[in-house]
Structures are given as structure tokens and as C-alpha cells.
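Inspection log for the structure reproduced underneath, given as C-alpha cells.
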2 protein chains.
Amino acid sequence: MSSMKSLTSRQSEILSFISEVISNEGMPPTRKEIALKFGFKSANSAEEHLKALVKKGYIDLRCGTSRGISIKKSFSGIPIVGSVAAGSPLLAVENVEERIEFNGNIFSDSVDYFLRVKGDSMQEVGIVEGDLIAINKRREVKPGDIVVARINDDVTVKTLFYLDKKKVVLRPENKNYEDIEIDPSIERFDIEGKCLGVLRNYN
Amino acid sequence: MSSMKSLTSRQSEILSFISEVISNEGMPPTRKEIALKFGFKSANSAEEHLKALVKKGYIDLRCGTSRGISIKKSFSGIPIVGSVAAGSPLLAVENVEERIEFNGNIFSDSVDYFLRVKGDSMQEVGIVEGDLIAINKRREVKPGDIVVARINDDVTVKTLFYLDKKKVVLRPENKNYEDIEIDPSIERFDIEGKCLGVLRNYN
DNA sequence: TTTCATACTGGACATTTATACAGTATAAGA
DNA sequence: TCTTATACTGTATAAATGTCCAGTATGAAA
């Protein structure tokens with residue numbers, strides 16, 4: 001898992017396309033459809049890319065079967081980000097504890113990853129320790145949104161209360177905690193994404 | 001939606017099989033695969049069943065396309081049960097407010113339906129008004145489980161605290177509410193299912 | 001009674017599809 | 001430098017697949 005053969009940008013595009021077609025059309029594409037999408041004049045180009053993806057362990061091909069492409073479980077699905085190592089990107093391999101299969105039109109935007117909630121600072125809006133929150137990566141958020149923010153090296157989930165160039169206020173949803181005020185010109189501050197919803201699994 | 005053309009048992013079996021193959025194999029079956037499954041000696045039998053399903057509005061066929069079967073959204077997916085009319089079965093048409101596409105290995109058991117939460121009686125465990133809770137239909141539950149129960153004509157979601165033939169205690173997870181004690185030999189009491197998890201969508 | 005829907009078998013055939021082989025060209029490693 | 005991986009075009013072909021037509025048989029509806 002850690003030493004994963006890297007894909008060329010073209011191969012990566014192909015893999016994304018396959019994944020996209022599966023979720024949009026409900027079935028994997030044919031070689032011809034891949035060729036059409038990328039402007040290949042021969043279906044064999046698609047075939048060769050597929051073989052490369054098999055060789056590198058990203059997909060399986062069922063031979064003799066139309067549309068017999070399946071994306072290997074370990075690389076499909078949406079990553080669950082557990083504890084975040086200080087300063088590292090959220091989606092760095094060491095932060096991804098697992099991946100889950102998840103298809104559906106449940107949330108209002110696409111889910112880039114799930115973040116496992118630590119602590120009780122959001123318990124009054126029903127977000128509790130261990131919950132998975134669905135995150136869409138974006139910089140633009142508005143007051144009232146529940147956001148994933150990075151303050152210096154720490155990642156936190158709070159309600160955005162106020163935001164301008166000189167001042168940011170993040171509000172915990174728990175009477176025992178106080179608002180966090182940040183001056184982005186002094187402290188390092190970044191919006192990592194917006195919380196689209198919550199997923200909790202009992203047992 | 002309400003006056004849905006009914007399927008014959010064979011058609012229903014075919015539809016279930018298609019749905020099963022899609023979720024297991026990641027692509028719809030061919031006519032031949034359907035024929036194989038049901039022991040038809042001709043792929044045309046499958047073709048005719050597919051046409052019947054199209055005619056009755058349960059699926060779409062993309063012509064000339066291998067495996068071009070798609071189950072119509074309105075009949076796939078998992079039902080969301082909103083307010084429950086007194087005395088009616090949870091999954092009665094009038095109680096289903098919507099359906100959502102939902103595939104994945106997220107919950108510990110299969111989700112039969114989602115129930116939309118009313119009120120704040122479970123807020124201390126992070127289940128709040130408007131949340132969807134994933135329910136698995138079953139009679140057997142144990143203390144500690146969050147259950148969907150029917151007391152006389154009312155449906156309620158609570159933590160099961162105690163259960164024997166003469167006494168049942170359901171516990172709201174909110175200090176403002178008191179335990180509900182039922183004598184199943186006097187009151188009508190049924191376990192409708194177990195809550196597997198929570199789904200919440202902001203915005 | 002005639003029609004129609006259901007549920008099949010059997011055969012035929014055009015398309016779709018997977019997939020091999022022969023090339024061309026470029027860039028990276030050994 | 002020789003090899004190997006990448007990224008394509010072009011051609012070919014067997015197998016898979018969709019889909020039509022002609023039957024048979026049954027039961028329900030008109």
C-alpha cells in the first residue's frame with residue numbers, strides 16, 4: 001500500500017475517467033468509449049493504458065467480458081482521514097486510515113474525504129467523537145458553514161462565525177469552549193474545506 | 001409513483017438480479033448472463049423480460065450498448081421514511097418521502113430504510129431533528145441498541161434499556177425526558193428494527 | 001371466443017467489444 | 001548505447017452482445 005507504483009498523468013486521467021463513468025453511467029466504459037473521450041483514433045490506445053493500470057495494480061480486467069473493468073478496492077472509494085500529523089497535508093498517505101465505498105447523491109456536493117472527529121467541541125450540533133464528517137475541499141466558505149481549518153499546524157473543525165482579511169472567528173458548538181479568534185496576517189490560517197454532512201456507524 | 005404497474009414474480013426476480021449484479025460486479029448483466037442465472041436456454045427470454053420491465057417503467061435500456069441496463073432512480077435506492085401515519089407499516093407508500101442512492105460498506109448491516117428523526121429526545125448521543133437514521137429491520141435487539149419501536153400506534157426511536165416478556169424500558173437520550181416503561185402483555189409493542197447509524201446532510 | 005400478456009425455445013445476424021499484432025515516435029534508465 | 005516504458009495509429013478478427021423473427025404454451029381479460 002505504501003509503495004504504490006506511480007501513474008503517469010495520462011494513466012491517472014484514464015483511471016479517473018473510468019471511475020467517473022462507473023458512477024455516472026452505472027457501468028465501466030468500453031475501450032472504444034475511452035478512446036472517444038481522449039480522442040484516440042484506435043481503441044488499442046485505451047487497451048494499452050488499461051494493461052498499464054493492471055500491471056501497476058490499480059484495476060482488474062475480466063478477460064472476454066465487455067466492460068469488464070473493476071477498480072481495485074484499495075484505490076477506489078473515499079479516504080477517511082484520521083489523526084492529522086502536524087503540518088502534513090490532510091490527504092497524505094500517513095493520515096488516511098481507511099477508504100470506504102460510497103456512491104450516492106446523499107450530500108449536496110462531492111465528498112473529497114471523510115474526517116474522523118476528535119473531541120466534543122461540536123457536540124451541541126450533533127457532531128460527536130468518532131463521527132465521520134464529509135468534507136468538500138474548497139477555500140470559499142461563508143459564515144454559518146461548518147469548516148475544516150488549519151491554524152498554524154493544527155487542523156480543527158468549527159463553525160465559521162466571522163471572516164475578513166484581518167480577523168477570523170471560529171465558534172465551537174459547546175458552551176464549555178470559547179470562540180477562537182485569529183489574525184490571518186499574523187498566524188498561518190487556511191480553510192481546508194467545508195463540512196457537507198455527518199456519517200456515524202454504531203457497532 | 002403511487003399507481004405503479006405491478007411486476008410478475010418472474011419480472012421481480014429479474015429486477016432483483018440486475019440490482020444484485022450491479023452492486024456485486026460493478027456492472028449490469030448481459031442477456032446471456034441473465035439467461036444463465038435463471039436457466040433460460042435462450043437469451044431472448046431475458047430480452048423479453050427486460051422489455052417488460054422497460055414497458056412497466058422499472059428500467060431503461062440503452063440500445064446497441066452492451067450491459068446497457070439502468071434501474072430507474074425512482075425504484076432503486078433506499079427509501080426515506082418521513083412521518084409515519086398512525087398504525088401504518090413504516091414502508092407504506094404514503095410514508096416514503098424520497099429515495100436515495102446509497103451503495104457502500106458503510107454500515108455494519110444492510111440498510112432497509114432511513115428514518116427521518118423528529119424531536120430532540122436523542123440529542124445527547126448526537127441524533128438531532130432532521131437526521132436520517134439507517135435502520136435494519138429485525139426483531140432481535142439487545143440492551144444498549146438504539147431501536148425503532150412501535151408502542152400501540154406510535155413509532156419511536158430510543159435506546160433499549162431493558163427487555164423481557166413482562167417489561168420493556170426505552171430510554172431517551174435527553175435529561176429532559178423520562179424512561180418509557182411498557183408492559184407488552186398489556187400494550188401493543190413491537191421492535192421494528194435497529195439503528196445502524198446516522199446520516200446528516202447540511203445545506 | 002378472440003385477444004393480449006406472460007414465459008419460454010431456437011435461430012439468425014449485425015454490431016459491439018476485447019484483444020492481438022505490426023508499426024511510429026519520444027523520453028527515461030541502465 | 002541499447003533497452004524499456006510510454007503513447008499513440010492502423011488493421012484484423014474471434015467472441016460477446018443486442019436484438020429481431022418465428023414458434024409453442026398458458027392463463028387472464030375483453
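The sequence lines fix the lettering, A, B, ..., with proteins before strands; numbering per chain opens at 1. Keep in mind that what you see is a predicted model, and the values were worked out from it rather than measured.
- Under the 4.5 Å side-chain criterion, counting only non-hydrogen atoms from C-beta, Leu199(A) is not in contact with Val198(B).
- Between Met27(A) atom CE and Ile22(B) atom CD1 the span is 9.5 Å, to the nearest 0.5 Å.
- The pair Arg138(B)-Glu192(B) does not count as a salt bridge, with every side-chain nitrogen at least 4.0 angstrom from each carboxylate oxygen.
- Scanning DNA chain C 5' to 3' for nucleotides with an atom closer than 4.0 angstrom to a non-hydrogen atom of chain A gives a first and last hit of dT17(C) to dA22(C).
- Within the nucleic acid shown, Lys32(B) has no heavy atom closer than 4.0 Å to any nucleic acid atom.
- The only member of Arg188(B), Lys158(B), Glu187(B) that meets side-chain contact (heavy atoms from CB on, under 4.5 Å) when paired with Ile151(B) is Glu187(B).
- Across all strands, Glu48(A) comes closer than 4.0 Å to base atoms (heavy-atom distances).
- Remark on DNA chain C: of its neighbouring residues Ser66(B) and Thr8(B), the 5'-side contact belongs to Thr8(B), judged by nearest-heavy-atom nucleotide.
- By the 4.0 Å N-to-carboxylate-O rule, Lys51(B) lies too far from Glu48(B) to be salt-bridged with it.
- At a threshold of 4.5 Å between non-hydrogen side-chain atoms, the residues Arg10(B) and Phe38(B) count as touching.
- Screening Lys137(A), Arg150(A), Arg139(A) for a salt bridge (Lys or Arg N to Asp or Glu O under 4.0 Å) with Asp190(A), the sole residue that qualifies is Arg139(A).
- The closest side-chain heavy-atom distance from Phe17(B) to Ile34(B) is below 4.5 Å.
- Nucleotides of DNA chain D lying under 4.0 Å from heavy atoms of chain B occupy a range whose first and last members, 5' to 3', are dT17(D) to dA22(D).
- Counting non-hydrogen atoms under 4.0 angstrom, Thr30(B) reaches the backbone sugars and phosphates but no base.
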